[in-house]
Amino acid sequence: VNCTIVGAADEGWTNVNLKDPNLYYHGRTFDIGSSVGIDWSSSGVSFNVKATDVKMTFAANGGPWIQIFVDGERTKRIQITNGEYEIATDLNAEKVTEIKVVNSSENNFNFAAINRISIKGELVPIERKNYKIEVIGDSISAGQWMTAASDATVFNLEEEDSTRTYASLLADKFDAELTLLASSGAGVYVDSSGLKSGEVNTDNKPANIWADMYGHAVTARSARGVARGIKSEDWDFTNDNPDLIIVNLGTNDASKAPKEAGTELDTFNNGVTTAVGDLLTKITTKHPNAKIVWCYGIMNNTLTTVIKTAVESFAKTNSNVSFIELPAQSEFSDTTGGGNHPNVETHAKLADYLFDRIGAAYKLEARSQIDYTVPVLTTETVTGNTIFPLEKEKQDHGSGFTSDPYNLNGNTGIHYEWAAGAGSGVRNGIDAKFSFDGISIKLANIGDTTNPGSRRFALYFTTNKSLAYNGQKNGLLRI
């Protein structure tokens, strides 16, 4: 891997070119000269190193909090300004270490950019996720107030942490790349301040309406947009291809709905209906192949019928679109975060709730952290025609499982599913030993000399033992 030296580096340190292909950016990041903007919640970068130390230099305004992960584990969360920060120290340079740094604050209150990444060692390739999730939401999705006491009345930016939201946790469950587009106070028809699409407040700040903001890398109403003179910057959708999009909107709209039945309420509900269709049209035009799930109801349910009806009406001509009604947060936790917002417990349980329903609807399955040993099976322990094929109906998002082995029928013994990426060392009738990041796995083949068994499978692990896919059609044994 060739790392371009950028500017002067201290002795022993290498400054990495921020366009190095081995840097894996997350979310709607964007270029700011030679720097990379990470304004959006959970946007940032991951990379693998064989190094002893890593540091990064940021340009920041408004005091955003960044979360640092080392090999998938949270190590520290720090509030940044302009300057250089230690990201990881005293690493083992003989092994590969994954570093992930993301902005856990939202772009309404601050903005940040990566100016430099410096390592004492070398940058090495990193595996990218095969599945992508995008979440569009308001303060719930941003994680506002989530760690605050239930009686808190003053918002503290430290108490907002997008990396602990249902969105981040759900992405982890699917082992997916996450783009989180969250804006506190946002609505689909009317925002929390009462503004509608195209309207501005007394400071000329645009409405917090997602149909107006979806096409931007920098929205005019964000902290950076305001600092630029209330100017937006378009987002390039060319390589932006989420597999699943979750829209969690309606809570702020509901807070502005007329309380009494009548013409005013009917007009409001019609406005919501139209706005839901407009936003779905924008999303499906940009992402015609994505599955889209609109969910609503965790903080209030005033508009459940209106939004559900609007989504289901749209779905009549687009089968990729569906609606999930969310339980009230009181069903997940006995208390709340500040401002009546969901707390950490509710976010975790909401992720489980959505995972169960979305996974079932779209036949997705968890890519959870696993640690198990494949047993060595013999004809003494297994008799008859015991077959453990992968279920073909669980094929998923472009990295689906392979079909049954070609000689499955009539072959006695244990059948292992074939992985296209297993390599030439996997052959019929030959036991094999594979090592992945220090994990050795014995593969046993049961059969006889005339019918030695089906093809074998391979297990792929990252350094933190998460099941990973390499872009081919890999499989695993189900017992």
Side-chain angles (χ1 to χ4, degrees), residues 25-29 38-44 46 64-67 69 72 74 77 100-108 129 131-147 159-186 188 210 213-214 240 242-252 279 283 287 290-299 322-324 326-327 329 332-333 337 341-359 361-362 364 366-368 397:
Y25 289 105
H26 309 294
R28 285 195 178 182
T29 60
I38 55 168
D39 296 355
W40 292 96
S41 303
S42 290
S43 64
S46 292
W65 288 81
I66 63 166
Q67 177 67 60
F69 300 84
R74 296 173 185 271
R77 186 169 181 248
K100 182 178 182 180
V101 179
V102 296
N103 187 353
S104 63
S105 306
E106 66 175 290
N107 63 2
N108 275 338
K129 308 288 187 183
Y131 193 61
K132 297 180 180 180
I133 295 176
E134 178 176 279
V135 175
I136 304 167
D138 49 31
S139 57
I140 299 170
S141 301
Q144 190 177 109
W145 298 93
M146 68 183 304
T147 62
E159 295 165 342
E160 177 180 274
D161 186 353
S162 65
T163 69
R164 296 182 183 274
T165 61
Y166 76 91
S168 291
L169 299 176
L170 185 63
D172 289 344
K173 286 177 177 293
F174 286 127
D175 191 26
E177 179 181 331
L178 172 67
T179 293
L180 180 52
L181 305 175
S183 179
S184 291
V188 60
W210 264 112
M213 300 187 293
Y214 188 65
D240 183 10
D243 298 281
L244 170 68
I245 299 174
I246 296 173
V247 182
N248 188 352
L249 291 172
T251 302
N252 290 306
L279 180 56
I283 296 170
H287 306 297
K291 302 293 185 182
I292 301 168
V293 177
W294 195 301
C295 60
Y296 164 71
I298 196 73
M299 284 184 65
S322 62
F323 177 83
I324 293 178
L326 301 180
Q329 59 181 319
F332 292 143
S333 178
H341 280 63
N343 59 17
V344 174
E345 180 184 17
T346 295
H347 275 277
K349 291 180 178 179
L350 177 55
D352 291 339
Y353 183 88
L354 287 172
F355 171 73
D356 289 342
R357 282 147 186 81
I358 293 172
Y362 296 122
L364 305 178
R367 307 297 170 78
S368 57
H397 50 72

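Contact between Ile245 and Ala290 at its shortest, heavy atoms only, is CD1-CB, 4.0 Å. When all heavy atoms of Leu180 and Ser42 are compared, the pair lying nearest together is CD2-OG, 3.9 Å. Residue Pro342 comes nearest to Ile140 through the heavy atom pair CG-CG2, 4.1 Å, listed as atom of the first residue, atom of the second, then distance. In this structure, Arg74 and Asp161 approach most closely via the heavy-atom pair NH1-OD2, 4.1 Å.
In this structure, NZ in Lys129 is found 8.0 Å from OG in Ser46, a value given to the nearest 0.5 Å. Taking OG of Ser162 as the start and CG of Leu178 as the end, the distance is 8.0 Å to the nearest 0.5 Å. Expressed to the nearest 0.5 Å, how far CD of Glu159 lies from CE of Met146 amounts to 11.5 Å. To the nearest 0.5 Å, atom OG of residue Ser183 and atom CD1 of residue Ile136 are 12.0 Å apart. In this structure, Ser41 OG and Asn103 CG are separated by 7.0 Å, a value rounded to the nearest 0.5 Å.
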Mind running side chain to side chain contact (heavy atoms under 4.5 Å, CB included) on Ile246 and Leu170 for me, showing each step along the way?
CA-CA 11 Å; Ile246 296 173; Leu170 185 63; 3.3 Å; yes
Side chain to side chain contact (heavy atoms under 4.5 Å, CB included) assessment of Tyr353 paired with Leu326
CA-CA 8 Å; Tyr353 183 88; Leu326 301 180; 4.1 Å; yes
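In summary, the side chains of Ser104 and Thr163 do not present any donor paired with an acceptor at a separation below 3.5 Å, with no hydrogens or angles considered. For Glu106 and Asn108, the side-chain atoms include at least one donor-acceptor pair closer than 3.5 Å.
The side chain to side chain donor-acceptor pair (under 3.5 Å) with Tyr166 is formed by just one residue from the set Asn248, Asp352, Thr346; it is Asn248.
Judged purely by atom type and a 3.5 angstrom limit, Ser43 has no side-chain atom pairing as donor or acceptor with the backbone of Arg28. Between the side chain of Gln144 and the backbone N or O of Ser184 there is no donor-acceptor pair closer than 3.5 Å. No donor-acceptor pair under 3.5 Å is formed between the side chain of Ser141 and the backbone N or O of Ala182.
At least one side-chain heavy atom of Trp40 sits less than 4.5 Å from a side-chain heavy atom of Leu181. Residues Trp294 and Leu249 have side chains in contact (heavy-atom distance under 4.5 Å, counting atoms from C-beta outward).
Using a cutoff of 4.0 Å between basic side-chain nitrogens and carboxylate oxygens, Asp240 and Lys132 are not scored as salt-bridged.
Cation-pi geometry between Lys349 and Phe332 is not met at under 6.0 angstrom from the ring centre and within 45 degrees of the axis.
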